[in-house]
Amino acid sequence: MIGKQLGYGAIALAAIALLVFLVVRSIDVDRDKHQDLVALADELKRIDGVLNLDVVRLRGGHLFNYDTIVETNRQISVGLAEAKYRLTELLGDDVESINLLLAELDTTQFRRERQLEQFNARNAVLKNSIRYLPLMVSEIIEGTGAQHDLHLVQVLNQLLRHTLIVSLHGKQAEPSMFAELTGRLEGISRDRPAELREELNILITHARIIVKNTAIVDRLIRQVLAIGFADSVDALHAAYDVEYEIGQGFLPLYQIALGIYATILLLTIVIVIIKLAKARRDLAQSHLTLEDGIELRTKELSERTEQLQDSQARFAGILDIASDAVISTDDTGLILLFNKGAETIFGYTADEVLGQPLEILLPRHLRDAHSGHISAFTGAPEVTRLMGPRGVVNGLRKDGTEFPAETSISKLVQGNHNILTAILRDITEHNKIKGDLLAATAQAEAANRAKSNFLATMSHEIRTPMNGVIGMADLLLDTDLDAEQRKYAASVQGSSHALLTIINDVLDFSKLEAGKFEFEAIDFNLPDVIEGVMELLRPSAMERGLDLATYIAPSAPKFLNGDPGRLRQILLNLAGNAVKFTETGSVAVTASLAAGKDGMTTLRFEVTDTGIGVPAEFQAELFEKFSQADSSTMRSFGGTGLGLAICKQIVTLMGGTIGIKSGPDKGSIFWFTACFGTASSNDGLSREVYPKELAEIGPEASAGDVDTQSIRPMKILVAEDNQTNQFLARATLEKQGHRVEIVNNGIDAVKAVRLTSYDLVLMDVNMPEKDGVEATADIRELDGEKGRIPIIALTANALKGDKERFLAAGMNDYLSKPLDRKKLVAAINAWTGGSNALDGTPSSDPRAMSEAAEVLDPAILEDWRTFLPAEQFATLIEEQVTDSRASLQRLKEAVEAGAFDDAGKLAHELTGSCGAIGMLDVQRLAKNLELACMEERREDALALAPAVDEAVGTAVTVLKTRYANE
Amino acid sequence: MSRITLALSGVLAATVLALVLIQFWPDLRPGSRGGQASDRFGSRTERTAQLSEAINPIPLTVATDPRKVALGNRLFHEPKLSINETISCAFCHDLAKGGADGRRNASGVDNSIGTRNTPTVLNSGFNVAQFWDGRARTLEEQVDGPVHDLVEMGSNWPLILERLRHDASYATAFRAIYGDGVQIANVKNAIAEFERSLITPNSPFDRYLRGEAAALTAEEIRGYQLFKNLGCISCHQGVNIGGNLFQRLGVIVDYIDEHGGRGKAGIAHFGRFNVTGLEEDKFVFKVPSLRNVDLTAPYLHDGSAADLKTVVKLMAWHQLGRRLEDKEVDGLVAFLKTLTGEQWDANR
């Protein structure tokens, strides 16, 4: 509906936009100017007519002044200028036809102005002379007494007549006649008195003026009237009309389009109004239909409501039957529902608690936390969760007693509201029973543990005297004995061995029970192990006439990593049994690859015999404790019955399984699988594991018999990439009389340890190529003494957790940088002088890193200064400054290149070396720089670099000042 | 929906109706102004009345823009227009001295002396052109002359504009009146507008012409009759009693021969020739107005006639070929003195 309205709106807008467009294009913006210009042209022509008329009037003596000519001329000039301006405004100033015509008009007007100027001047004089000449003639004739001078009078009259005719008729005087008359008059005047002569001369001048000016004035009038100004204006008008029509362009088309469009719009509006009226009628009709529909729906709705009420009643009945408490609350925690089960458990009736806050059912100490839990649950995505720890929460009965209840809570979202429902079960009884059970179990387990411990202790205690007995028996058998004595002594020896086997089994088993059974993870040679077992069994096999065979599948790796002793123990047990229970035939041991992935190798071993076999009904119990297929068997063959149980446990702990395929008189196949690691290297792995096994069985090796060494010159490897620290370490250690070798990275460190015997390694943690932790791990892989060389970590990373990391990597101790000379010496003495510093207490407190903004630490500097020879101290300082500057330069380049890792390492190095010689300020700033690099804050890093540089400068200045005299 | 559509329909219908009306009824178009053009230059009856007499009285008022007149007045008295800020227009055209300077020849900066007599600025708006030789067709054009003339202001427009623009009050006034501020055309227009306001109506003679018979004495009326009869009125006619015509000095009797000689007369005596270059225009000058002539001695283009009597006699002889008796001269002078009017105040 809204989309449709938008559509209509868009159409209406488009219609209006089109209308506006057409209107704008239809309006002739220049129309008023155009009209003005046309009117101006008409006016110019009219004034031109007036001017011509005035000229004629002036000539005819009907005008008495020249103001009108001047004014009309001025109007024409103004009108022309205005026309020029308006034309430019309308058409621009580059329309050639118009410009030509305008120039022509200008010229015409200029020429006419000049002609009129001449005309005015000449006409004024002419008029005066024509008016004055008759007067003068009559004055001369009458006033001077010349009337008697007939000749003069005659000539004067002729002249008068002639000039008047010329003037009044406007026709050209006859030059010869006029010249003759003036000549005669001049001749007459010569012999007249001076006064008359002067008057006659003036008269002649006037006459000449009349004759001459009449001709000029009439010529000028003809020229002015013929000048065709109005024609030029018409031509201009016509040219303008042409340009105007061109300028109009599509205007008439737009006007026609507007007319058509306006008509269409009007029609559309009429249609819309008619349609609207119709739609209104339809709307009224559909309104009626709608009301009918609503009535029908209302009826249906009431039926549904009844059904709903029925189902609610059923639901309430079910709730009441339940023995669990079911309690519902609204958003505000007020109780909405309280079923029969709840009444029973809490002791309230429903009426008492409905509308009350849920908190009344909770012990006081839980109430505060309760609302927080509820709101957390309301906001959580899940619908149901358990309440309280392990889903148990304490409830409060009406009588004030508390009880534990297993509680779950669920929420039902209805619109904006949550209805929370808790279901509780009183677990007071349940808890009581559970508590009793737990106590009993714990008691039983304790007793079992005590038994195992007792057994282990007993076995261990028995073993020692047993060794004595066996040893004595062996010694006794080597002496001279008679037959009877030898028989007894041999019996003692055999019984002792049997007893020792039993005791060893019991000891292993109790270790397994107590979870104290330990496995080694060392590289070993698989064929060696199997061959070793066969060698042990060979004497008894030969005694019985049995064949012994081994087969190792080519798929099985020769070298493995694991506990060869335990593997041997299992094989010895299984193969020993096979020899024991086989009368004739053979015993064979095979090994093959079962599976191998992710560096783990699973091998399958089989021990096959041709013995009495195991009946199917005993096979299942065979690997349980104290079981033998037949109790009589135990008597015939001896043994504790623990062997296979121990094998099973060991195999399980080695990630494998054990089993048997057998039938009576068909022989047996005992098989097992076990997981091993991949040997780290395959050479030199002919490790002597057997003696170690014996040593384990025999008296425990003492861990305390490390040589106590006095302080002696030692050979020490320093793995450190920082030159200053290298220098300091070397200086310190050599002063102590030690020999020092220095390497720059972890790879070289491992190589050096492998090739050379050192007494101790100082290992920087943060090094290029291979860091100290990795290098230590590699060294610990090495055989023999080299693998156990004391390693002391050097680190500026004295952070929490680092200690564990270093010790886990196999380091023995660690020292914080900056290096404290005294602590270094102490640590070396501790690790080479015999005292055990395995507690790993940091030799210096990392928090002791100075926060004071001191430039230098006088104590450290003084320490070094007194410790080192003067020139060496100077070298130390100088090298430090040079190195710092070089490091800073490389650091800046690294930051600019975005290599923050490199930059961070450089900053770290700088921090360490500066701290070591007590340049506190530089150290502090360099630390900040290091942090900036680690967090890749490029701007900060670039800003800090010059600050560090400056601090180095300051430190040098202070140093120089301080030790200037030395 | 129905309301929106109805409203839209209403708007559309109204627009369309209005457009149709405008389209077919052009007089409703904004700015349409039929019939105005024919009134552009005044009505015919007014004109016809002016034609019936040789001399018409000066109109009692003149249509000017009071703001421009006020600004022009200030500029007219502004020494900044001259090169060294010493003289203004009013230095020569002293309104208290009939709009001229009372000197034989005009003077300018650094006490330099010009070659012609200062024409009056009063009623100069009625003249056909400005200067003795009419080289400026309008009062606006005229301003260029004295501004640049080395013996008058000796100045130039860039200098003047810069000075005026630095004066906040000028800058403000120009912007208020002309919009584009201090410009050459605007300075000229303001001065010209002020000069157009310098009319001198209500002279005794004008009052006489308007029917106030007692405005002139018998002697003065006799002088007017002489003025007409002798032919003075042939050239000195119109509202300004002259000023609308060019005429040769010495129509009947040569003037230049008697006053300084042709050969060395120099350019100052060539008059109209200097503008048109036509030989026949040599010694042709604009006929000066006789309005307030009593106040503007000395007379003629070279200031050679010290008083009215002298110039009256000179003019009668050279232009009309008449030798006047003293009585006639007195009559004419008496008449000429009635031509002094009242200075009109544009702000009145």
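Here B/His318 pairs with B/Tyr255, B/His259 under the ring-ring contact (aromatic ring centres under 6.0 Å, His included) rule; sequence neighbours left out. The ring-ring contact (aromatic ring centres under 6.0 Å, His included) test applied to B/Tyr224 returns B/Phe205, B/Phe335, not counting sequence neighbours. For A/His206, the ring-ring contact (aromatic ring centres under 6.0 Å, His included) partners two or more places apart in sequence, or in a different chain, are A/Tyr132.
Residue contact with chain A, scored on non-hydrogen atoms closer than 4.5 Å, involves the side chain of B/Asp281 exclusively. Heavy atoms closer than 4.5 Å to chain B are found nowhere in A/Leu203, neither backbone nor side chain. Both the backbone and the side chain of B/Leu320 come within contact range of chain A, each with at least one heavy atom under 4.5 Å from a heavy atom of that chain. Both the backbone and the side chain of B/Ile252 come within contact range of chain A, with heavy atoms under 4.5 Å apart. When heavy atoms are compared at a cutoff of 4.5 Å, A/Arg74 approaches chain B solely by way of its side chain, counted from C-beta outward.
With chain B as partner, the option from A/Leu135, A/Asp42, A/Val70 having the largest number of non-hydrogen pairs under 4.5 angstrom is A/Val70. In terms of non-hydrogen atom pairs under 4.5 Å with chain A, the most contact-rich of B/Gln319, B/Gln237, B/Arg323, B/Arg137 is B/Gln237. Annotation: maximal heavy-atom pairing with chain A below 4.5 Å, among B/Ile233, B/Val287, B/Val128, B/Val284, occurs at B/Val128. Chain A forms more heavy-atom pairs under 4.5 Å with one residue of B/Asn240, B/Leu245, B/Leu230, B/Asn127 than with any other, namely B/Leu245.
Against chain A, the residues from residues 271-278 of chain B that qualify, each with a non-hydrogen atom under 4.5 angstrom away, are B/Arg272, B/Val275, B/Thr276 in number order.
Annotation for B/Phe246 and A/Ala121: closest pair O-CB, 3.1 Å, computed over non-hydrogen atoms. Here the shortest heavy-atom pairing between B/Ser234 and A/Ala124 reads O-CB, 3.7 Å. Across A/Asp67 and B/Gly238, no two heavy atoms sit closer than the pair OD2-CA, 3.2 Å. The shortest heavy-atom contact between B/Gly231 and A/Arg131 is CA-NH2, 3.1 Å.
Counting heavy atoms from C-beta on, the side chains of B/Trp317 and A/Ile202 come closer than 4.5 Å.
Counting non-hydrogen atoms of neighbouring residues, nucleotides and ligands closer than 6.0 angstrom, the NZ atom of A/Lys212 reaches no more than 12 such neighbours.
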query = Checking side-chain contact (heavy atoms from CB on, under 4.5 Å) for the pair B/Val251/A/Ile209: CA distance, chi angles, key distance, verdict?
reply = CA-CA 9 Å; B/Val251 172; A/Ile209 285 174; 3.9 Å; yes
